[in-house]
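For reference, the structure is listed below as C-alpha cells.
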Amino acid sequence: MQLNPAQQAAVEHRGSPLLVLAGAGTGKTRVITHRVAALMDEGVPPWRILAVTFTNKAAAEMRARIEKMCEGKVDVSQLWVGTFHSISARILRRHGESVGLSRNFAIYDTDDQIRLMKRVFKELNRDEDQVKPRAILGHLDQLKNRGLTIDQVEQLGLEGFMTRLTALLGRRYQELLRAADAADFGDLLVLAVKLLEKAGTEQPRPGAQLVDVDPVIGLKRRFLHVVVDEYQDTNPVQARLVELLSGRAQLCVVGDDDQAIYGWRGADVSQILGFPDRQPGCELIRLEQNYRSTGHILRCADAIIRRNEGRLGKTLWSELGDGALVTLRACEDEREEARFVVNEILDALNEDIPPEEIAVFYRTHAQSRVIEQQLTDHGMRYAIFGGLGFFERKEIKDTLAYLRLLQNPASDLDFTRIVNEPARGIGDTTVGRLTALAANRNVPLLTVARNPEEAGVSGAAAKRLHGFVAMIDELTARLHANVPLGQLAAEVLERTGYRDALVHEGSEESEARVENLDEFVGALTEFAQENPDQTLADYLEQVSLVSDADGGGHGEVRAVRLMTIHSAKGLEFEKVILTGMEEKVFPHSRVIAGEDAAREEGRRLRPEERAQIEEERRLAYVAVTRAKRQLVITWAKRRRLYNQEFIGTPSRFVRDLPPDSVRGRVPGVIRREAAVMPQGLSLPSAPPRAPAPARESSWNSDIVYDEGAAAAPARRGPAAVHGDAPTLYKGMAVRHRQYGEGTLVGWDGSGSNLKLAINFPVVGVKTILARFCEPL
DNA sequence: CCTGTGAGAATTTTT
DNA sequence: TTCTCACAGG
Ligand SMILES: Nc1ncnc2c1ncn2[C@@H]1O[C@H](COP(=O)(O)OP(=O)(O)OP(=O)(O)O)[C@@H](O)[C@H]1O
C-alpha cells in the first residue's frame, strides 16, 4: 500500500486545515484512510479522531482497512467513523434530552414522515390534492438542510406560498414528532447542531457544581482530528456540524467538485469551493494521477465533464495505458438492451471477471425491472441496490411498528399503523374517535384507548380495544423483562396473530411475507447475540440509517451489481455497463423540461435550470469514472416505461464522447454545434455516416433530435439537410387528410415512429404519426 | 366494520 | 405496469 508524493503530503500535513481537491480515482479516500492510520500511529488516541463517510458501508470499509493497517496495535472500535446521520444519531442518543429527545427516540423514515404529514393535513383540514404532503416534506427538508428552523423562516418573513404553507404545516408536524419522541432524517442533523450550539452558552444553573460540566461541551472539545470524505456533497447543516465538532480539531476534507450530485438534497458545492476562505491558513493539495481507469475511459469522462461551465478544472492522467475502447451500443428497445447487457455480463464472466466486479447502472430505479427479468431468465444472480429495501416492506415495517410502540407508548403513528393489522375490528371510525379525544386532551392514543368509552366508542369496539391494550401491555412487560430481542419479535408476531393471519391467507405473496418475517426474527436474534449490550433502540436506529448503498441484494455477495448511478458513488468496478443513455432518461426528463420551457419562451436558461443540467452531467461523469477497465454504454431507440412507449434519442452525453475512444458510432454530433453557432450558421458537413437506411416514412428526423435544433421558428428553412426527406422545423406548414392544414409545433421519435405535433386551426394541437401527413 | 372493486395516479436521484 | 385510494356492498 504505497502513496505518491502528493498523497503522502496530504497524509502527513499537520497544523492547519487541509483540503484535498482532486478528480475521480486519484486516491482521495485512500488518503484519508492512511491519514487516520498515521495519526494513530503517532499516538493520537482513536477516540479523539472522527471520520465522516458518505455511506455506512463506506464507514465499515474504512474501519476495516484502518484496522488492517494498524495490525491490531490500536483499538479501532474507539474511532468514530460514520455518516453525518449516524454520528448525529449517536450524539442525540446520548445527549438529546435538551433538544427534546429521550435516549430511545425513534427515527422516522420517508414512509413514516408521509404518514405523519398526512395526519397533519387532516388535522388542519388541508386538501391533499392541491399540495402534496410529499412536497411539503421536501420543502421542509430543504429548510432543514440549510439549517433553518421554522421559527427562523417565520421571523425572516420569507415569501412564497409554499414556504408559508410549509411553515404552517411543518410546525404542527414537528410538534407531533417531538410528542412521539421521534426525529426524521433532517432533524438528526438540525438537532445535533442545535445541541452543540447550545452547549456552553447557557447560564450555569444556580448551585451547579464543577463536576456538572455539560458533557456536550466535552464532546465539542473531544476530537483532535476530523476527516470528511465526499465533501463536495455536504450541505450547510452538515458543514456546520463538522465545524462544531472541530472546535480544537485539525480538519481535513477531501472531494471533487465535478462529482457533486446531491444538489437536489441541499448539498452545496460552494461548501468545498469556499472551504479555503472559511478556514484561515488552509492548505490545498491536488492529486492528479488516476489509479483506477484506463485511458479511453478517462478520455470519455473528460469529454463529458469539460462541457460544464465554471469548473475549477483538474488535470488527470493515468499510467494504465489506453486500455479497451469504450463500447457504445444503440439498441432497438429496452428488451434488446437488457439482452445485450446480459451478453456483456456473460462475456465478462468468461474473461474471469468476478461477478461482483461487474455493475449495471441506470438513472432511475424504474429502469431496472427489464434487466432483472432478463437476468432471472438466464439464471443469473444479481444484487440490486436501492428500491424497496427489506426494511421498507410492509410486513417488516408493521413488526417494527409493534416494537416501537412497545418501547414508546406515545408513538401514535405506530399505534394507528398496527391497531388494526391484522384486522381485529378496530376501524377508521373507532380510531377517529380516539384521535379526536386524544388531540383534545393532548395525550397519546394508547392512553385514550384504555378508556374507549370516554371517547364514545361503544360496546363491541370498546371490548376489542380493551383486548388490544391488554395485549400491548403484556408484550411491553416482556420488553421490560429483557426478553432477548429475537424472541420478543417472535412473541409479538405470535401474540398479535400477525403471522397467523399471513399464514392463513395462503397466497404466494403472503408466503413470501412469512419468510421475510422469519428472516427478520433471525436477523434480530443474531444482532442481539453479537451485540449483547445493545438495546432495541440501537437496533432500530441501525435499521433506519442503512442506506441503499449499504444493504443491497440480501447478502448476495458473489453476484452482479445493479444500482442507480447515485448509489455507485465512491465505488469502482472492473466492468461497468451504463444503460438508458437517452435524452429524457439521462439527463432526466424533469431536467430537460426546464430547457424546453426556456426554448419555448425564447429565454435563456435560468441559473437553477442550468445547475440541474450540469448536475446531470456530473452524474454521467461519476458513472463513467467508476469503471476500471471496461465500459459499455447503451441506449434504446424505443423504451417502454410506465407502460408508455417513448421514442429515444441518444443522450447528449453519448454525443459528447470522443469517437476515437469509442467502439460504435457516436451519433449526431453536428447539430449541437450548429444550434450553438451564432446567426444560425451550420457546420460545413456531417461526419461520415452510413447511408440512411430505407425509411418507411419520407420524413427526415433522425438528425433533428437535438435540443435547440428547431429552436427558432423565425428562421424559416431547413435546420439540417439530409437526402430528399423534408426537414422538420417548428412553424412548418403541414397537411393531414382529415384535419387539413396546420402548423408543426413539435415532434418526437424517428423513422416510422416519427410523431408530429401539429396545431390545426379547428381542432387544436394533435399528435399524429408522420406518415399520415405531408409537407406543403 | 371489512373487503372487494374499480378507477386513477404516478413514477428522479437518498440519508 | 403497478400501486394507491375511495367508495359501495356485504
Ligand atoms: N498510490 C496509489 N497506488 C496505487 N493505487 C492507488 C494509489 N492511490 C489510490 N489507488 C487506487 O486507486 C483507486 C481509487 O482510489 P480512491 O477510491 O481512494 O479514489 P477517490 O479519489 O476516492 O475516488 P472517487 O472520488 O472517484 O471516488 C483505488 O482502487 C485505490 O486502491
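Convention: sequence-line order gives letters A, B, ...; per-chain numbering from 1.
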_List the residues meeting side chain to side chain donor-acceptor pair (under 3.5 Å) with A/Q534, not counting sequence neighbours, and say none if there are none._
none

*Sub-3.5 Å donor-acceptor pair from the side chain of A/E454 to the main-chain atoms of A/V448, do we have one?*
no

*To the nearest Å, how far apart are A/K569 NZ and B/dT14 P?*
12 Å

*To the nearest Å, give me how far apart CD (A/E541) and C1' (B/dT15) are.*
13 Å

*asked:* If the cut-off is 4.0 Å, is A/T110 near the phosphate of B/dT15, judged by side-chain N/O to OP1 or OP2?
replied: no

_Spacing between A/E392 atom CD and B/dT14 atom P, to the nearest angstrom_ = 11 Å

*Are the aromatic rings of A/F415 and A/Y402 close, with centres under 6.0 Å apart?*
no

*asked:* I'd like to know if the side chain of A/E616 and the backbone of A/H588 have a donor-acceptor N/O pair within less than 3.5 Å.
replied: yes

_Between B/dT13 and C/dT4, how far apart are the two C1' atoms, rounded to whole Å?_
23 Å

*For the pair made of CD in A/Q612 and P in B/dT12, what is the distance, rounded to whole Å?*
13 Å

*Residues in side-chain contact (heavy atoms from CB on, under 4.5 Å) with A/R240, at least two apart?*
A/V193, A/E197, A/E243, A/L244

_If the cut-off is 4.0 Å, is A/K132 near the phosphate of B/dA9, judged by side-chain N/O to OP1 or OP2?_
no

_Is it the case that the base of B/dT15 and the side chain of A/H85 share a donor-acceptor contact (distance under 3.5 Å, atom types as modelled)?_
yes

*Check the distance between B/dT15's C1' and A/F185's CZ and give it to me in whole angstrom.*
5 Å

*Under 3.5 Å, is there an N or O donor on one side and an acceptor on the other linking the side chain of A/R590 and the base of B/dT12?*
no

Taking only nitrogen or oxygen atoms into account, show me every contact under 3.5 Å that the protein makes with nucleotides 1-4 of chain B, one pair per line with its distance.
{"residue": "B/dC1", "atom": "OP1", "partner": "A/T430", "partner atom": "N", "Å": "3.4"}
{"residue": "B/dC1", "atom": "OP1", "partner": "A/T430", "partner atom": "OG1", "Å": "2.2"}
{"residue": "B/dC1", "atom": "OP2", "partner": "A/T429", "partner atom": "OG1", "Å": "2.5"}
{"residue": "B/dC2", "atom": "OP1", "partner": "A/N420", "partner atom": "OD1", "Å": "3.1"}
{"residue": "B/dC2", "atom": "OP1", "partner": "A/N420", "partner atom": "ND2", "Å": "2.9"}
{"residue": "B/dC2", "atom": "OP1", "partner": "A/G425", "partner atom": "N", "Å": "2.9"}
{"residue": "B/dC2", "atom": "OP1", "partner": "A/I426", "partner atom": "N", "Å": "3.3"}

*For residues A/K394 and A/D398, determine if any side-chain heavy atom of one lies less than 4.5 Å from a side-chain heavy atom of the other.*
yes

*Do the side-chain N or O atoms of A/H588 get closer than 4.0 angstrom to the phosphate oxygens (OP1, OP2) of B/dT11?*
no

*asked:* Which residue in the set A/E645, A/E334, A/E337 passes salt bridge (charged side-chain N to carboxylate O under 4.0 Å, His left out) when paired with A/R639?
replied: A/E337

*CZ of A/F391 versus P of B/dT14: gap in Å, rounded?*
18 Å

_So if I apply the salt bridge (charged side-chain N to carboxylate O under 4.0 Å, His left out) rule between A/D258 and each of A/R617, A/R618, A/R311, which one comes out positive?_
A/R311

*In whole angstrom, what separates A/E230's CD from B/dT15's P?*
13 Å

*Rounded off to whole Å, could you give me the CD1-to-C1' distance for the A/I107 and B/dT15 pair?*
10 Å

*Are any of the side-chain nitrogens in A/K397 or A/E392 under 4.0 Å away from the carboxylate oxygens of its partner?*
no

Please tabulate the protein-to-nucleotide N/O contacts below 3.5 Å involving nucleotides 1-10 of chain C, giving atom names and distances.
{"residue": "C/dC5", "atom": "OP1", "partner": "A/K118", "partner atom": "NZ", "Å": "2.7"}

*Less than 4.0 Å between a side-chain N and a carboxylate O, is that true for A/R640 and A/D333?*
no

*Within residues 261-272 of chain A, find the residues that approach DNA chain B with a heavy atom at under 4.0 Å, and present them sorted by residue number.*
A/Y262, A/W264, A/R265

*Electrostatic pair A/E372-A/R369, nearest N-O below 4.0 angstrom*: no

*Sequence neighbours excluded, which residues qualify as side-chain contact (heavy atoms from CB on, under 4.5 Å) partners of A/V227?*
A/I32, A/R35, A/V36, A/A51, A/C252

